[in-house]
Every structure is written in structure tokens, then in C-alpha cells.
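Single-structure report; data block below.
Positions are given from 1 along the sequence.
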Amino acid sequence: MIRENKVVDLAFTLKSEEGEILDQAEKDDPFVYLHGFDQVVPGLESALAGLKVGDQKKVEVSAAEGYGEIDPSLKVIANRSQFPKGVELEVGIQFETETPDGDEVVFTVCAIEGDQVHVDGNHPLAGQKLHFEVEVLNIRDATTDELEHGHAHGPDGHGHEHLH
Ligand code: ZN
């Protein structure tokens with residue numbers, strides 16, 4: 001059963017309110033996550049708790065329980081001079097920065113007008129209702145390493161490439 005400290009293999013489809021497929025993982029290449037460590041949006045994580053291998057479920061997640069409501073204060077106009085020299089600014093590029101309170105936020109450039117660069121730090125799926133269809137493929141206990149790192153290390157514990 002899915003609960004804290006379990007590593008879960010999921011097949012899923014994520015659709016927008018309009019039925020557009022936003023993301024998916026097939027059975028032969030499942031999404032693997034560590035339950036209870038904020039690896040999936042809160043509304044999905046709570047809906048997955050208690051499911052067993054083979055269970056299928058449709059989960060509707062509100063924006064607030066998904067990627068959050070759109071925060072207008074994260075839509076800002078920066079000046080070109082605030083970006084490091086040598087950065088090729090164009091619409092669609094993303095960069096990471098820190099808010100005054102130390103949170104890391106990914107900003108996306110959404111428009112450029114002369115020296116004015118319009119950036120948006122909202123998640124691309126913020127403000128959207130999310131429609132998940134999930135199937136639970138596997139559940140196992142997390143390893144000590146995984147619990148220390150706060151994320152899953154794949155079905156066989158290999159292929160672990162990231163910075164800590
Ligand atoms: Zn790790």
C-alpha cells in the first residue's frame with residue numbers, strides 16, 4: 001500500500017482542463033517517486049496514499065493543490081542589464097534565481113521589448129486544474145540512501161545522476 005517512505009512506480013497521464021495531454025509516463029518507462037517527500041503535487045500525493053499495486057484512479061487536482069495559483073508578483077519586468085553578459089536572451093528560455101527569502105524560483109522569459117525583459121516565475125502549470133489518470137505498477141520500501149536524499153533512485157537503484 002502506498003504510504004510514507006515507499007517508492008512507487010506509476011504509469012500516468014496528465015491532462016489539462018481542455019483535455020490536452022501535458023505529461024505522461026508509460027508502463028514500460030514509469031514515473032518513479034518517493035512518497036511523502038513532495039516529489040509530486042500535494043493533491044496527487046494525498047490521492048495516491050492507500051492505493052495498491054494494480055489500482056487505477058482518476059484524480060482531479062485543483063490549482064491550489066497542484067502547481068499553485070498564479071502569483072502576479074512573480075510576473076516582473078527586468079532590465080536587460082540585470083542578466084549576465086553573454087546570455088542570449090530570447091522568449092522561452094528559463095533561468096533560476098533566488099527570491100529575497102531564499103527560495104529558488106525558475107523564471108521563464110515571456111516577452112522582450114527593447115531593454116525590457118518580461119519574466120514569469122510561476123510554474124507553467126500554475127493556475128490550472130490538473131486531471132491525472134494513474135495506475136500503480138509497483139510499490140517497494142525506500143532504501144536508506146533514498147530516504148537520506150529525499151527522492152527515489154530508480155527501479156534498481158542505478159542510474160543515479162544528480163547533484164547533492
Ligand atoms: Zn539521490
Side-chain angles (χ1 to χ4, degrees), residues 7-48 58-135 142 145-155 157-164:
V7 171
V8 183
D9 290 15
L10 285 182
F12 77 91
T13 305
L14 167 59
K15 289 181 183 166
S16 68
E17 188 78 342
E18 293 75 35
E20 183 196 351
I21 293 180
L22 302 171
D23 197 7
Q24 64 188 135
E26 309 277 359
K27 276 187 183 184
D28 54 7
D29 187 18
F31 172 72
V32 183
Y33 83 100
L34 174 57
H35 193 86
F37 286 76
D38 296 327
Q39 288 205 276
V40 298
V41 295
L44 179 61
E45 189 157 64
S46 58
L48 289 168
K58 285 190 180 183
V59 183
E60 200 179 283
V61 176
S62 68
E65 288 285 292
Y67 290 99
E69 303 289 356
I70 290 174
D71 179 352
S73 73
L74 290 176
K75 294 184 181 195
V76 292
I77 300 176
N79 192 284
R80 200 180 270 276
S81 62
Q82 292 173 264
F83 293 86
K85 298 212 185 332
V87 171
E88 193 89 26
L89 284 177
E90 54 184 280
V91 172
I93 64 162
Q94 294 186 316
F95 57 93
E96 221 173 62
T97 187
E98 265 187 27
T99 62
D101 32 339
D103 291 331
E104 293 224 324
V105 183
V106 175
F107 279 87
T108 306
V109 174
C110 29
I112 301 172
E113 293 166 351
D115 278 344
Q116 294 194 324
V117 183
H118 297 247
V119 298
D120 188 346
N122 288 288
H123 188 279
L125 296 178
Q128 289 204 43
K129 194 184 263 186
L130 308 170
H131 296 263
F132 289 96
E133 282 179 42
V134 300
E135 179 174 355
D145 268 1
E146 287 173 322
L147 293 175
E148 273 177 16
H149 291 180
H151 53 230
H153 283 165
H158 296 294
H160 173 221
E161 275 184 66
H162 53 74
L163 301 170
H164 290 291

- Heavy-atom distance under 4.5 Å between the side chains of Lys75 and Ile70, does that happen here? yes

- Message: Are the side chains of Tyr33 and Asp38 in contact, using a 4.5 Å heavy-atom criterion?
- Response: no

- Item | NZ-OG distance between Lys129 and Ser62, expressed to the nearest 0.5 angstrom | 8.0 Å

- Message: If you compare all heavy atoms of Ile112 against all heavy atoms of Val91, which two are closest, and at what distance to 0.1 Å?
- Response: CD1-N, 4.1 Å

- Item | Flag for Gln94-Thr108: side-chain donor and acceptor within less than 3.5 Å | yes

- Task: Please test Leu34 against Leu147 for side-chain contact (heavy atoms from CB on, under 4.5 Å), starting from the C-alpha separation and ending with a verdict.
- Result: CA-CA 8 Å; Leu34 174 57; Leu147 293 175; 4.2 Å; yes

- Item | Heavy-atom pair with the smallest gap, counting every atom of Glu45 and Gln39 | OE2-N, 4.5 Å

- Checking Ser16 side chain against Glu18 main chain: does a donor-acceptor pair fall under 3.5 Å? yes

- Message: For a 4.5 angstrom cut-off between non-hydrogen side-chain atoms, does Ile21 reach Asp23?
- Response: no

- What closest approach, in Å, do Gly66 and Leu130 show between heavy atoms, and which atom pair accounts for it? CA-CD1, 4.0 Å

- Query: Which value, rounded to the nearest 0.5 Å, describes the distance between Thr13 atom OG1 and Glu26 atom CD?
  - Reply: 7.0 Å

- Message: Checking the side chain of Glu146 only, and the main-chain atoms of His153 only, is there a donor and an acceptor separated by less than 3.5 Å?
- Response: yes

- Message: Ring-plane angle category for Phe107 and Phe95, please: parallel below 30°, perpendicular beyond 60°, tilted otherwise.
- Response: parallel

- Message: Nearest 0.5 angstrom please: Asp29 CG to Asp9 CG, how far?
- Response: 10.5 Å

- Message: Do Val76 and Asp120 make a side-chain contact, defined as non-hydrogen atoms from C-beta onward lying under 4.5 Å apart?
- Response: no

- Enter the distance from Asp71:CG to Asn122:CG here, rounded to the nearest 0.5 Å. 5.5 Å

- Query: Quick one: are Val8 and Leu48 in side-chain contact, heavy atoms under 4.5 Å?
  - Reply: no

- Describe, in one word, how the ring planes of His149 and His151 are oriented to each other, choosing from parallel (under 30°), tilted (30 to 60°) and perpendicular (over 60°). perpendicular

- Looking only at heavy atoms, what is the nearest atom pair of Pro42 and Glu65, with distance? CD-O, 3.3 Å

- Message: Donor-acceptor check, side chain of Glu104 to backbone of Thr97, threshold 3.5 angstrom: yes or no?
- Response: no

- Start with the C-alpha distance between Phe83 and Ile93, add both sets of side-chain angles, then the distance that settles side-chain contact (heavy atoms from CB on, under 4.5 Å), and finish with yes or no. CA-CA 12 Å; Phe83 293 86; Ile93 64 162; over 6 Å; no

- Query: Name the one of Val59, Leu44, Val134 that satisfies side chain to side chain contact (heavy atoms under 4.5 Å, CB included) with Phe12?
  - Reply: Val134

- Less than 4.5 Å apart, any side-chain heavy atom of His131 and any of Glu17? yes

- Ion pair check, Lys15 and Glu20, cut-off under 4.0 Å: no

- Message: Side chains of Phe31 and Gln24, heavy atoms from C-beta outward: is any pair under 4.5 Å?
- Response: no

- Is any side-chain heavy atom of Leu14 less than 4.5 Å from a side-chain heavy atom of Leu125? yes

- Would you mind listing every side-chain hydrogen bond (donor to acceptor under 3.5 Å, both in side chains) that reaches into residues 81-91, with sequence neighbours excluded? Asn79-Ser81

